[in-house]
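Structure, as structure tokens:
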Amino acid sequence: MNVIFSVDGGLGKSVMATAVLKAIKKQYSKANIVVSTGYPDVFINNPNVNKIITQANSSTVYKDLIQNKDAKVFISDPYSTSDYITESKHLIEIWCEMFGVKYNGEMPEMFLSKAEKQYFEPFYRLDKPIMAIQPHGGAINQPLKYSWTRDIPAPIMEQIIEKYKNDYAIVHIKRDDQIMYENTIGALDSFRSIAVMLTMSEKRLLIDSSAMHIATALNLPSVVAWIGTSEKVFGYDMHTNINANPYTKELDLNHNYYQRLPLFEDISKIPYNDLNEVFNASEIIEKLK
């Protein structure tokens, strides 16, 4: 049997999909499992997949894998389900249930080779222990440089960096168009190099974005800050999860999408009077200890 698992969306979603893939492999242990994704590098060395194809190179999928063959196709998007919109279950569980695949608490996985570590580690051998940060998320084509629904505000980050700059080399995971903080070092572009860096880091301050899912896949407990997105849907118990302070303004829910809040929303709609109200910097600093 051929099992085709198609993953739409960003890097973090593809990392989460490795948990779904593991559940699929358990249920269809003898199947030829093919993953179609925009981030094929996430699945390198993964023992649960037989073939990886890019979505841009999938024109022969039907002919090669489905036509006149015993095949099962998993292509539905969990973001369209009621459980996701109502934030009633974790996305991985929703995803598995949507496909009729038994969920047994599978977690994301990434497999780094010895050669990758040998190549990337020298770039991150710094004169101080590493503290990795990802205060802002979103893919390269995401138009907002700052989304209040999941990014840590700059005034909060500046206080945290000021606290740790003397004792740690602070490696900043970011897009090219996002703010670069003083007293930080930019991470390399490749997300697999970032994965190697995370394994070398002593502290990690992340948000609901790709680095958090990569850290989870590598079993690296981190401090994760949550604002508008749901820890219940996207988060993991292995981390120290910090939720934002209560809103100081009324949240405007008059919008044209079904879920409570989107991943990306402009600063003009933030339900706080002051960016310093979003988190207590002292609480994050304490948890990072």
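All figures in this text were calculated on a predicted structure; none of them were measured in a lab. Side chains are part of it too, since the values below use all heavy atoms of this structure and drop only hydrogens, waters and symmetry mates. Residue indices begin at 1 and follow the sequence shown.
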So, Asn241 and Trp226: side-chain donor and acceptor under 3.5 Å apart, yes or no? yes

Kindly give the heavy-atom pair with the smallest separation between Ala132 and Leu198, and that separation in Å. CB-CD2, 3.7 Å

Which residues pass the side chain to side chain donor-acceptor pair (under 3.5 Å) test with Gln27, sequence neighbours left out? none

Which pair of non-hydrogen atoms, one from Leu65 and one from Ala71, has the smallest distance, and what is that distance? O-CB, 3.6 Å

Evaluate the salt bridge (Lys or Arg N to Asp or Glu O under 4.0 Å) criterion for residues Asp83 and Lys89: first the C-alpha distance (whole Å), next the side-chain angles of each, then the deciding distance (0.1 Å), finally the verdict. CA-CA 6 Å; Asp83 283 332; Lys89 296 178 182 178; 3.8 Å; yes

Can you tell me if NZ on Lys145 sees more than 12 non-hydrogen neighbours from other groups inside 6.0 Å? no

Please check if Ile179 and Phe279 belong to a single hydrophobic cluster, counting links between Ile, Leu, Val, Met, Phe, Trp and Tyr side chain heavy atoms closer than 4.5 Å. yes

Residues Glu182, Lys165; criterion salt bridge (Lys or Arg N to Asp or Glu O under 4.0 Å); working and verdict: CA-CA 9 Å; Glu182 291 185 11; Lys165 67 180 184 181; over 6 Å; no

Rounded distance (nearest 0.5 Å) linking atom CE of Met98 with atom CZ of Phe74: 9.5 Å

Closest heavy-atom contact between Ile207 and Gly137? CD1-N, 3.4 Å

Answer with yes or no whether the side chains of Asn280 and Ser282 bring together a donor and an acceptor at under 3.5 Å. no

Spell out, as yes or no, whether a donor-acceptor pair under 3.5 Å connects the side chain of Gln134 to the backbone of Ala211. yes

Is a side-chain N or O of Ser113 found less than 3.5 angstrom from the main chain of Glu116, in a donor-acceptor match? yes

Rounded distance [0.5 Å steps], CD in Gln178 versus CE in Met180: 11.5 Å

Spacing of Leu112 atom CG and Asn45 atom CG [to the nearest 0.5 Å]: 8.5 Å

Validation row: Asp208, Val224 side chains within 4.5 angstrom (heavy atoms): no

Quick one: does any side-chain atom of Asn32 pair with a main-chain N or O of Met1 as donor and acceptor, under 3.5 Å? no

Backbone of Met212 reached by a side-chain donor or acceptor of Thr216 within 3.5 Å: yes

For Lys26, look at atom NZ and say whether over 12 heavy atoms of other residues, nucleotides or ligands are found less than 6.0 Å away. yes

Step through it carefully: locate the ring centre of Phe5, locate the ring centre of Trp95, and say whether they are under 6.0 Å apart. yes

I'd like to know if Ile173 and Met131 are part of one continuous hydrophobic network [Ile/Leu/Val/Met/Phe/Trp/Tyr, side-chain heavy atoms within less than 4.5 Å]. no

Around Tyr119, counting heavy atoms of other residues, nucleotides and ligands shown, do more than 12 lie under 6.0 Å from its OH? no

State, with a plain yes or no, whether a side-chain heavy atom of Arg175 is found less than 4.5 Å away from one of His136. no

Asn245 side chain vs Glu277 backbone, donor-acceptor pair below 3.5 Å: yes

Donor-acceptor pair, Ser210 side chain versus Leu11 backbone, under 3.5 Å? no

Are the ring centres of Tyr39 and Phe43 closer than 6.0 Å? no

Linking I/L/V/M/F/W/Y whenever any side-chain heavy atoms sit under 4.5 Å apart, do Ile4 and Phe99 land together? no

Step by step, work out the side chain to side chain contact (heavy atoms under 4.5 Å, CB included) result for Arg204 and His239. CA-CA 10 Å; Arg204 292 165 291 278; His239 300 306; over 6 Å; no

Just so I know, are the side chains of Asn273 and Lys249 near enough to count as touching, which here means a heavy-atom distance under 4.5 Å? yes

Counterpart residues, side chain to side chain donor-acceptor pair (under 3.5 Å), relative to Ser209 (two or more places apart): none

Shared hydrophobic cluster, Ile133 / Trp148 (ILVMFWY, side-chain heavy atoms < 4.5 Å): yes

So, do Asn276 and Ile156 sit near enough that their side-chain heavy atoms are less than 4.5 Å apart? yes

Say whether Ser147 and Arg150, considering side chains only, have a donor N or O and an acceptor N or O under 3.5 Å apart. no

Hey, are Glu121 and Arg125 close enough for a salt bridge, meaning a charged N less than 4.0 Å from a carboxylate O? yes

Joint cluster assignment, Val42 & Ile92, ILVMFWY side-chain distance < 4.5 Å: yes

Would you kindly say whether Glu109 and Thr18 are connected by a side-chain donor-acceptor distance under 3.5 Å? no

To the nearest 0.5 Å, tell me how far Lys117 NZ sits from Met197 CE. 14.5 Å

Separation between OG1 (Thr149) and CD (Glu265), nearest 0.5 Å, reads 6.5 Å

Test side chain to side chain contact (heavy atoms under 4.5 Å, CB included), reference Val223, set Ile160, Ile242, Leu206, output is Ile242

Is Asp77 salt-bridged to Lys13, going by a charged N under 4.0 Å from an acidic O? yes

Salt bridge (Lys or Arg N to Asp or Glu O under 4.0 Å): which pairs involve residues 219-241, sequence neighbours left out? none

Compute the centroid of each ring, for Tyr236 and then for His213, and state whether the two points are separated by less than 6.0 Å. yes

Does Ile75 have more than 12 heavy atoms from other residues, nucleotides or ligands lying within 6.0 Å of its CD1? no

Can you confirm whether Asn104 sits close enough to Glu106 that some side-chain heavy atom of one is under 4.5 Å from a side-chain heavy atom of the other? yes

Is there a donor-acceptor pair closer than 3.5 Å between any side-chain N or O of Tyr146 and the backbone N or O of Ala154? no

Around atom NZ of Lys51, are there more than 12 heavy atoms of other residues, nucleotides or ligands at under 6.0 Å? no

Any side-chain heavy atom of Tyr181 within less than 4.5 Å of one from Thr184? yes

Are the side chain of Lys203 and the backbone of Leu288 linked by a donor-acceptor contact shorter than 3.5 Å? yes

Would you find a donor on one side and an acceptor on the other, under 3.5 Å apart, between the side chain of Thr81 and the backbone of Tyr84? yes

OG-CG distance between Ser190 and Asp41, expressed to the nearest 0.5 angstrom: 7.0 Å

For Glu97 and Tyr103, which I'm curious about, is there any donor-acceptor pair between the side chains at under 3.5 Å? no

Heavy-atom side-chain contact between Tyr164 and Ile285 under 4.5 Å: yes

Is there a side-chain contact between Leu251 and Tyr272 (heavy atoms, below 4.5 Å)? no

